[in-house]
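Note that the structure is a prediction, hence the values are computed from the model and not measured.
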Amino acid sequence: MSPVILFSLVIAYFLLLLGVAWLTSRNANNESFFIGNRGSNWMLVAFGMIGTSLSGVTFVSVPGTVGTDAFTYFQIVIGNLIGYGVVAFVLLPVYYRMQLTSIYNYLQGRLGFRSYKTGASFFILSRVLGATARLYLVVNILHLTILKDFGLPFWVGAFVILLMILLYTFEGGVKTIVWTDTLQTACMLIGLLVCVWYILNDLGLSLPQGVQALSDKGYSNIFVMDPDSRFFFVKQIVAGAFISITMTGMDQEMMQKNISVRTLKDSQKNMMTFAVIFMLVVLLFLFLGGLLYLFAESKGIAASGDALFPTVALEYMPGAVSIIFIIALISALFPSADGAITALTASFCIDILGIQRNAALSDARRKRIRQIVHLAFAGVFLLFVMVFKWMNNPSMIGLILKIAGYTYGPLLGLFAFGILTKRVVNDRLVPWVVVISPIICFIIDHYQQQLFSGFEIGLELLFINGLITFLGLWLIKGKTEQA
């Protein structure tokens with residue numbers, strides 16, 4: 001497939017997004033940018049959140065893990081469903097009752113101003129690291145398949161893609177993203193289904209025969225019963241629940257879309273509808289991963305892991321399918337990056353700079369500050385994408401979940417402490433607790449073989465981090481108890 005044709009398709013797709021942005025951002029203001037004027041349709045939000053949650057990493061990395069880990073990733077997804085229920089029926093009522101624009105305002109009212117600032121800062125750190133890791137993976141694939149043939153260095157491709165994202169999110173923010181994410185999720189899922197259909201057809205298998213072929217190879221095994229394994233099903237399900245509670249329910253990017261829905265009831269319907277669709281889509285990705293390995297074996301393809309899907313799609317499939325793959329890949333890239341930059345802009349402006357607390361600022365001045373911050377985060381994204389390029393990790397999904405264990409753990413501890421207890425904390429000491437907790441977790445993770453004699457700590461590091469934060473907050477009691 002000609003790089004010129006592929007590049008032309010990328011530009012055409014981007015122009016389509018610009019058209020959607022123009023239609024949705026007219027008469028937009030800061031309220032539109034941050035929470036879509038609380039007028040988003042819950043069905044659109046639910047569907048668009050699929051694209052945001054899956055991202056290019058899921059599109060490439062989840063199928064790539066099947067060769068070594070079979071369908072064990074689905075254990076995490078089962079836990080995700082439990083976690084999404086907690087988000088819908090525990091966290092969302094709190095956010096709607098307080099009419100929050102930034103969910104971290106809850107921490108200010110419950111624990112104190114420093115706790116609020118600390119929670120927002122950890123979200124910013126978490127989202128910058130997670131979103132740029134996802135962005136790097138897809139930019140790298142686009143570089144290797146399209147941009148390298150034009151003689152462009154990697155950083156130019158990353159810059160151009162970030163510029164595209166800036167252009168269609170700059171004015172409308174969440175109001176625009178709700179619609180663009182819906183479009184992009186549809187494109188991604190169409191690409192997924194086409195690739196599954198093509199491989200089944202090429203291998204001469206019906207859908208039931210494909211399922212049986214994966215079972216015969218052991219690719220479709222889900223549950224691991226060894227308690228010492230990091231893939232032990234109890235560990236994975238518990239970890240999956242806490243991952244969805246923190247990375248969705250305590251994440252401004254995901255919650256700003258939910259709280260943009262008109263009513264709490266609609267937002268809860270959105271969350272649970274999304275949860276069920278998400279499970280089915282990930283299962284389909286895993287099924288595709290098994291088919292990719294069967295296809296690779298039949299063709300003598302040596303690629304594996306993150307490289308498998310792009311290699312098969314771009315080198316062994318017809319041109320039309322390769323085009324669909326590239327469009328689907330871009331559709332997986334943009335929702336995970338556009339929402340992240342928008343949410344980070346919102347959190348930094350509201351939580352760190354306090355532009356809504358400053359009554360002296362005019363609306364025009366607030367908008368100008370928001371635009372400057374938006375541009376600054378695009379620059380930060382470019383910097384971190386280059387860092388991940390230097391690291392060149394072979395499996396980005398493992399790295400992202402590892403990062404989440406360290407950065408979202410303190411958020412889990414802060415929100416759990418605020419919701420589950422009425423205890424007052426010494427607000428001045430809270431930043432120390434949430435910094436020390438990940439350090440302790442790093443030591444535990446690094447020396448786990450010596451400490452636990454063969455017992456492996458995996459994704460449950462997130463829970464351990466949250467528990468240490470919770471206990472630390474319990475120890476720094478304030479002067480009075482809440483009634």
Visitor: Can you find a heavy atom in the side chain of Asn80 that is under 4.5 Å from one in the side chain of Met279?
Guide: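 Not touching, per the 4.5 Å side-chain cut-off.
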
Visitor: Who passes side-chain hydrogen bond (donor to acceptor under 3.5 Å, both in side chains) against Lys389, sequence neighbours left out?
Guide: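 Partners of Lys389 under the side-chain hydrogen bond (donor to acceptor under 3.5 Å, both in side chains) test: Asn140.
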
Visitor: Can you give me the closest heavy-atom contact between Val62 and Thr65, atom names plus distance?
Guide: O-OG1, 2.8 Å

Visitor: Verify, without hydrogens or angle tests, whether Tyr106 (side chain) and Ile419 (backbone) share a donor-acceptor contact under 3.5 angstrom.
Guide: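 A pair under 3.5 Å: yes.
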
Visitor: Using modelled atom types only, decide if a donor and an acceptor are shared between the side chain of Thr469 and the backbone of Ser437 within a distance under 3.5 Å.
Guide: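 Not a single qualifying donor-acceptor pair exists.
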
Visitor: Once salt bridge (charged side-chain N to carboxylate O under 4.0 Å, His left out) is applied, do any residues pair with Asp251, and if so which ones, sequence neighbours excluded?
Guide: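 Salt bridge (charged side-chain N to carboxylate O under 4.0 Å, His left out) check on Asp251 returns Arg127.
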
Visitor: Taking the side chain as every heavy atom from C-beta outward, state whether Gln75 and Val224 have any atom pair closer than 4.5 Å.
Guide: yes

Visitor: Is it the case that the side chain of Ser229 and the backbone of Met225 share a donor-acceptor pair, with hydrogens and angles ignored and the cut-off at 3.5 Å?
Guide: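 Pair absent, no side-chain N/O of Ser229 close to backbone of Met225.
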
Visitor: Are Tyr408 and Phe242 an aromatic pair, judged by ring center distance below 6.0 Å?
Guide: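 No - the distance between ring centres of Phe242 and Tyr408 does not fall below the 6.0 Å cut-off.
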
Visitor: So, Tyr73 side chain and Val282 main chain: donor-acceptor pair closer than 3.5 Å or not?
Guide: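 Not confirmed, Tyr73 side chain does not pair with Val282 backbone.
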
Visitor: Please name the pair of heavy atoms, one in Ala275 and one in Leu81, separated by the smallest distance, quoted to 0.1 Å.
Guide: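 Minimum heavy-atom contact is CB-CD1, 3.7 Å.
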
Visitor: What's the separation between atom SG in Cys441 and atom CD1 in Ile468, rounded to the nearest 0.5 Å?
Guide: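 Atom-to-atom, Cys441:SG and Ile468:CD1 are 4.0 Å apart.
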
Visitor: Identify the two heavy atoms, one from Leu107 and one from Gly119, that lie closest to each other, and give their separation to 0.1 Å.
Guide: CD1-CA, 3.9 Å

Visitor: Which heavy atom in Phe285 sits nearest to a heavy atom in Pro63, and how many Å separate them?
Guide: O-CG, 3.7 Å

Visitor: Verify the distance criterion only: is there a donor paired with an acceptor across the side chains of Tyr116 and Asp351 at less than 3.5 Å?
Guide: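 Present: a donor and an acceptor within the cut-off.
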
Visitor: List the atom of Pro438, the atom of Pro410, and the distance in Å for their closest heavy-atom pair.
Guide: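 Heavy atoms of Pro438 and Pro410 come nearest at CG-CG, 3.8 Å.
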
Visitor: Aromatic rings Phe274 and Phe278: how do their planes relate, parallel, tilted or perpendicular, breaks at 30° and 60°?
Guide: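 It falls in the tilted class, 30° to 60°.
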
Visitor: Rounded at 0.5 Å granularity, tell me how far CG in Leu125 sits from CG in Leu129.
Guide: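 So the CG of Leu125 and the CG of Leu129 are separated by 5.0 Å.
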
Visitor: If every non-hydrogen atom of Val430 is compared with every non-hydrogen atom of Ser115, which pair is closest and at what distance?
Guide: CG2-OG, 3.3 Å

